[in-house]
Every structure is written in structure tokens, then in C-alpha cells.
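One structure is given here, and the rest of the page talks about it.
Proteins get letters first, then strands, A, B, ... in listed order; numbering begins at 1 in each.
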There are 2 protein chains.
Amino acid sequence: MSVATVSHVVNGSRRVSPEVKARVLKAIAALKYRRDGIARSLRMSQTRTIGLMISDISNPFFADFVRGIEDAVHARDPNYNLILCNSEEQEDKERRLFDVVLEKRVDGIVIVPAGGNRDYLNDLIGTGLPVVFADRFLPGLDADAVIVDNRDASFRLVTHLVRLGHRRIAALNAHLAATSIRERIEGYRDALEAAGIPFDERLVVTSRSRIEDAVVAGSEVLDLRPAPTAAFCTNNFMTLGLIRALSDRGLRCPEDMAVIGFDDFPWASTFRPRLTVVSQPSYALGQEAANLLFDRLLKKRTGPPVRLTLGTSLIIRESCGAHARVPA
Amino acid sequence: MSVATVSHVVNGSRRVSPEVKARVLKAIAALKYRRDGIARSLRMSQTRTIGLMISDISNPFFADFVRGIEDAVHARDPNYNLILCNSEEQEDKERRLFDVVLEKRVDGIVIVPAGGNRDYLNDLIGTGLPVVFADRFLPGLDADAVIVDNRDASFRLVTHLVRLGHRRIAALNAHLAATSIRERIEGYRDALEAAGIPFDERLVVTSRSRIEDAVVAGSEVLDLRPAPTAAFCTNNFMTLGLIRALSDRGLRCPEDMAVIGFDDFPWASTFRPRLTVVSQPSYALGQEAANLLFDRLLKKRTGPPVRLTLGTSLIIRESCGAHARVPA
DNA sequence: TTGTAAGCGTTATCAA
DNA sequence: TTGATAACGCTTACAA
């Protein structure tokens, strides 16, 4: 029989007489034939593969996020796969990864942008390849995006601290080129301003976004004089670093310093200090990103870029010193 | 100029006169030409893509493991990418994922096997596709593997508990089809036996390998009568679940129950209770797996399967109740 | 109901 | 130093 016939029985794309079909199926089983997806992709110009550019899969925020994407993608079409890329927030690494993953002709790409590569990304979007920004976006780039209101979330979080009576509140600022962290610092400033507390630049300590660096930055926070009574951590590495710095000095949280952080952890409610945080819907961010991407992919939506903002939740536990109710 | 010429300047695969080369390069830039990796893969029967089957990327053990693979792969050849698959320990899901990822003609595959699909995997290995098992292996399957000595690690961990005087030691057993967990339980039995403590089946409580399930299993452990004074958790979900169960009841660790766990966490030394664990070299497991795979890929090694066993380390902190030295 | 053949964009062989 | 062309394995329009 002909290759066409085989193709049709494999894909069920046209009627094939039962006997021929049976023969084909038998041959397939006997030869352990497996359709060559590469040839298929070449012919159909569709790889059923999606690129995924995040900063670091060992950050639990991104691990959850990736699961959200994967689950949503499989819900739409189980034949799709994800190619994972960790930029580690480095523009040059991000770019090199883009180059290799684009050569593989992914059908679309979800990007948590490191912050640079603007022209590169602009060109990329210009090619018509479906692109969705997630968690952060680059102003001026015309692509779909799913984000959270970082400024508002931080405002609520820091305001909580203010209401507890804190006036000297340090900020541990992760050094990232993307917008999100800047917005968090703005939310911090807003909260101070709303409370009539003057913003003091010396209270914001900047660190590379890794635990080890955050530990030393946390230590700097503890050396500030007059000592702050509380600190706001702009992402989960900062939180981990600060708590470690406290712990290393034998200081206690919240007694010696109240701590609040951006981003939750799955175990944050069971280990001590129980962290008071604002939690991003990491899994849902992934799901929504995947859905935006698929809508573009299938041309179910063709208009101008959409920007989706998901809600955050303030989770008050104990590290802030509010011994109010402790949610699970 | 001809396609051949273009191909050769792109790949530097033969001498091209400077002027022609310049023209080609200019055209490439002008047209934003990007080589089609799919066509290339078809021609060269090589995709520069590696499949990766793990159980769940939100488990920090696997997140680290994946980073180890990625880093080692990029060290060997930065043009390679990883396709990530989360089997969630479900045989059928694992199999479906294999089917789609194999159709994409990955050059090799690193597998943390869920435990089933033996015949399927056997056939797969039979095709000659480079396969490396990691973290676990399936006895009888002839492929390279990187593992740790689970039995020995558990033995040392539980023995530590025994030396502290515990005689009634429960075990929280993650229900997984793979060998690793069984070996851990064996190590537990070995340690008991070596101490002359009779093994009591009622003290091993089995749970699905997810935090939520582990919480209820942990609760069952706490209901055991006479109450165990200590518990051994066979993986990090079990540990998390048990600590949560303790915390939910207002019980304290190690005062009310000593806890030891298999697998470390990056934050385990900074939050309380500080966990005493045996730590697997997750990152190194990934690296070694990637290197074994690449050696096969490049035919640098062609003999019989290799089995690599990496060392584990016992990290004594506080959850075991040994207020000895507390390592960072 | 089935078969033939073009064409997807490369690489590689062979010829010029 | 360069070019023409076959082949990779599939899908699909068209023919039988």
C-alpha cells in the first residue's frame, strides 16, 4: 500500500477500508513504526512545541508557574510540549537561549523577560510568532501579557506593617532589570507616603536575586542605624536571605525584626517563622499565559495585545508580628 | 547564489570567498533569515533536543536536578534544549508523555521512572535511543543509570535516631512504584534490626506522594498507640506533611516527636524546626545523568550500561532532637 | 477506495 | 570556489 494510505490511517484523515486499515495497523505494530514528528513539522510548519523562558526553575514561584502552563497546554492539546529555558536573569544568556529555541521553530513562546533584549524581542514579535509575556512585561512591546498589580500588592503588604506601628521599614530590593521589582518598591513608597512616613533611600538595600547574595544584603539591613524595626522583601530570595541573616545572628523574627515578603512558599505556613506575605497566583499566571498563547496560536483571537491582571492575596501569618488570626 | 553556498556560510562548512560571504551575510541580516532547525533535523536526523521525564518540577529536588542536567548539557553543547515532562508518578501519564516526546525525535532521554511501563521502556531501549535512568532505576532494564544508595542513606539516618535513644520509630512511606522508596524502607528496617529493635509493620504508614496526602498520613502517625517518639519520612513531601500535621495539632518538633527526612531543602537550615535529613546530590545527579547521556549520544562510550552511585550526606540539625552542633 | 507525486528547508554529494 | 540536485519522511491535492 502507499505512504498516503498509511498517513491516512495514522491520522484518521480519510476513509480507509477496514481490511487495508487492519493491515496497516498490523505492520505498524510489527515494525514498531512511529511517525516522524520532525518530517511532519516540516511539512505542516507546526512543531507542537512551546518555548518557555523563565529566570530559574529552582525558584518555587516559577516551578508552580511552569506547572500551570503545562497543565493548561495539555488541557488544550496533549500533543504539545514545553522547551524550558532558564535565563537566570542574564540578558545575554536569555538571548542565546532565544536563538537556539527559535531555530527549533517553536509554535509560540511564553516569556518572563529578564529586562533587556528589547529590540530583539520587538523583532521577534514583529515576525508574528505568538508571544506572551508573563509575570512582567516590557513597556512598549506589543504582545499579550499576564501580570499582577505589583504596586498595589506591595502597598497593601507594607501598609499592614505600618498599621502595626512600624515607622522604620527597610526594603530588600532584588536587582532585576524587569519592571516588577521597581513596581514593588513603588508600592512600598506609596504605603510610606500614605502613612506620612518620609521615604529614606538608605533603608533600601539592593541585592542580586539569589539567596547567597540576599543573605549578605540581609546582614546589611541588620546593620542599619538607627535599626529598622521591620523589613519588606521584594521577592522570595530576598525573604529567604533576610531570615537566614537573622537566624545567623541569633536574632528572632518577628521579635527582633518584623519581616514581610513578596511571594509565598508552599511550606510557609508550617515552618517558623511563619511568613506574612503577599502571594501571587503563580499557577494561575501560568494557566492564563498558556491560554492567551493558545488563543493566538489557533487564531481564536487576532486583535491587539491583551493585558491580563490577576489578583494577589495578603496572607497574614506571624513574621510581621501580628499575632492575630493565623490562617493555615 | 545557491542554497548550498548559503548553507556553507551559515555553517562555515567550506571555504567561501569573502565577497560572496559578505553578500550572504548581508542578505541574512536584511531578511532576518533564521535557519530552519526542523528541516535541518530532518536532514541530519538529529534534533539537539533531550527529553526529560521527571515526576514533578515543583518538588525542589527535581528543580535542582533539572538545573544540573541543563547546565551540564549546555556545557557540552549550548545548542541543546530540554523538553520537560512531569509524569506525576502516573504510569499512564508517563506513557502518553513518552509517546508525544518520542514522536518529536529527541536525541536522548533522561528518565526518572514512575515505576511501570517496563515493556514499553524495554522496547524503547531496544531502539538504540540513548536512555539514562536517574534517581531510580528499573531492575532488568539495560540502560545507564545514576542513583544514590538509598538503603545505606536511610540506614545512617535512622541509626542516628536510634543512637539518640528512640525505639518506637514510625516511617512515613511514600507510595511510589519505583525502587527508591522501597530501598529506603529497607534501610529503615536494617537500622532497626542492627539495633535489635523488632520491626513493627503498624509503624509504617503509607501515603500518596503529595503534601496534602502526607498531612493526613502524618496525622495517622500521630494517632498511633503507643505513640512513636520519632518518625522517618521517606521523601520530602512526607516530611512536609508530617511537620504540618504536628504543627496543626500544636505539637512541637523535636520535643513531641523527633523527625528525620530523606531529601534536603534549600531553606531547611534557616526555618524551624531545622530539619535533620539525608541529602541527595540532586544537582550532581542531573549533571552526571546528562554526561552519561552525552557520552552515548556522541558514541564516546558504547559498551554495556554503566551504573553510577553518588554519595549522600547526613545533615544533623535539630528536628531529630540532637542539639549537637547545628551546621549552617 | 487507493495511489502518485509535489513540496516543506535543509545538508551533502557530485559536477562544473 | 560555487552550483545543481537528491534525499530526509511526512501531508495533501489530484488522479485513477
Side-chain angles (χ1 to χ4, degrees), chain A residues 1-49 51 77 79-81 99-108 127-129 297-299, chain B residues 1-49 51 77 79-81 99-108 127-129 297-299:
Chain A
M1 49 225 166
S2 77
V3 288
T5 305
V6 174
S7 174
H8 284 118
V9 351
V10 168
N11 297 303
S13 42
R14 82 177 175 197
R15 263 212 62 81
V16 176
S17 72
E19 44 175 355
V20 173
K21 188 175 194 169
R23 271 201 303 150
V24 171
L25 258 18
K26 180 180 291 182
I28 284 180
L31 304 176
K32 298 194 206 295
Y33 165 81
R34 184 165 266 144
R35 179 173 61 183
D36 187 321
I38 292 299
R40 184 172 212 264
S41 288
L42 180 60
R43 179 58 229 254
M44 303 187 72
S45 40
Q46 198 223 66
T47 56
R48 293 173 162 179
T49 302
D77 185 337
N79 295 301
Y80 271 78
N81 284 117
D99 278 336
V100 342
V101 91
L102 288 172
E103 184 169 311
K104 281 169 188 160
R105 293 274 109 107
V106 290
D107 291 346
T127 65
L129 180 79
L297 226 67
L298 308 179
K299 310 233 175 306
Chain B
M1 49 225 164
S2 77
V3 288
T5 306
V6 174
S7 174
H8 284 117
V9 353
V10 168
N11 297 304
S13 42
R14 82 176 175 196
R15 263 212 60 79
V16 177
S17 71
E19 44 177 354
V20 172
K21 188 174 191 169
R23 271 201 303 150
V24 171
L25 257 19
K26 181 181 289 182
I28 284 181
L31 305 176
K32 297 192 206 298
Y33 165 82
R34 183 165 266 144
R35 179 172 61 182
D36 188 320
I38 292 299
R40 183 172 213 264
S41 289
L42 180 60
R43 184 56 230 258
M44 304 187 69
S45 41
Q46 196 223 71
T47 56
R48 295 173 162 180
T49 302
D77 185 338
N79 294 301
Y80 271 76
N81 284 117
D99 278 335
V100 343
V101 92
L102 289 173
E103 185 169 311
K104 284 171 186 157
R105 295 274 109 108
V106 290
D107 291 345
T127 66
L129 180 78
L297 225 66
L298 308 178
K299 309 225 175 313

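Taking each heavy atom of B/Y33 and B/V10 in turn, the nearest pair found is CE2-CG2, 4.3 Å.
Side-chain to base pairing of B/R14 with D/dT2: one donor and one acceptor N or O lie within less than 3.5 Å of each other.
Closest to the side chain of A/L42, from the set D/dG9, C/dA12, D/dC10, is D/dG9. Listed candidates were D/dC10, D/dT2, C/dT2. Nearest to the side chain of B/V16 is D/dT2. Distance from the side chain of B/A39 is smallest to C/dT10 among C/dA5, C/dT10, C/dG3. For A/R15, the side-chain atoms get nearest to C/dT1 when compared with the rest of C/dT1, D/dC10, C/dT2. Closest contact between the side chain of A/A4 and the listed nucleotides D/dG3, D/dT12, D/dT5 involves D/dT12.
The interatomic distance linking B/E19 (CD) with D/dT2 (P) rounds to 7 Å, in whole Å. Across the protein-nucleic acid pair, B/M1 atom CE and D/dA4 atom P stand 13 Å apart, rounded to whole Å. Put simply, OH on A/Y33 is 10 Å from P on D/dG9, counting in whole angstrom units. With rounding to whole Å, A/Q46 atom CD is found 21 Å from D/dG9 atom P. Distance CE (B/M44) to P (C/dC8): 21 Å, rounded to an integer number of Å. When the P atom of C/dT10 is taken as reference, atom NE2 of B/H8 falls 14 Å away, rounded to whole Å. Protein atom CG of B/L31 is 15 Å distant from nucleotide atom C1' of C/dG9, rounded to whole Å. Atoms CZ (B/R40) and C1' (D/dC8) sit 14 Å apart, rounded to a whole Å.
Between A/V24 and A/M1, the closest side-chain pair of non-hydrogen atoms falls below 4.5 Å. Between B/R35 and B/N11 the shortest side-chain heavy-atom distance falls below 4.5 Å.
Inspection of the B/T47 and B/D107 side chains reveals an N or O donor paired with an N or O acceptor under 3.5 Å.
Look at A/S17 and you'll find a side-chain N or O under 4.0 angstrom from OP1 or OP2 of C/dT2. For the OP1/OP2 pair of D/dG3 and a distance below 4.0 Å, the side-chain nitrogens and oxygens of B/T5 include at least one atom meeting the criterion.
Remark: B/D99 engages A/R34, B/Y120 in a side chain to side chain donor-acceptor pair (under 3.5 Å) (not counting sequence neighbours).
Comparing A/V10 and B/V3, the nucleotide of DNA chain D nearest to each residue sits closer to the 5' end for B/V3. Between B/S2 and B/R105, it is B/S2 whose nearest contact on DNA chain D lies nearer the 5' terminus.
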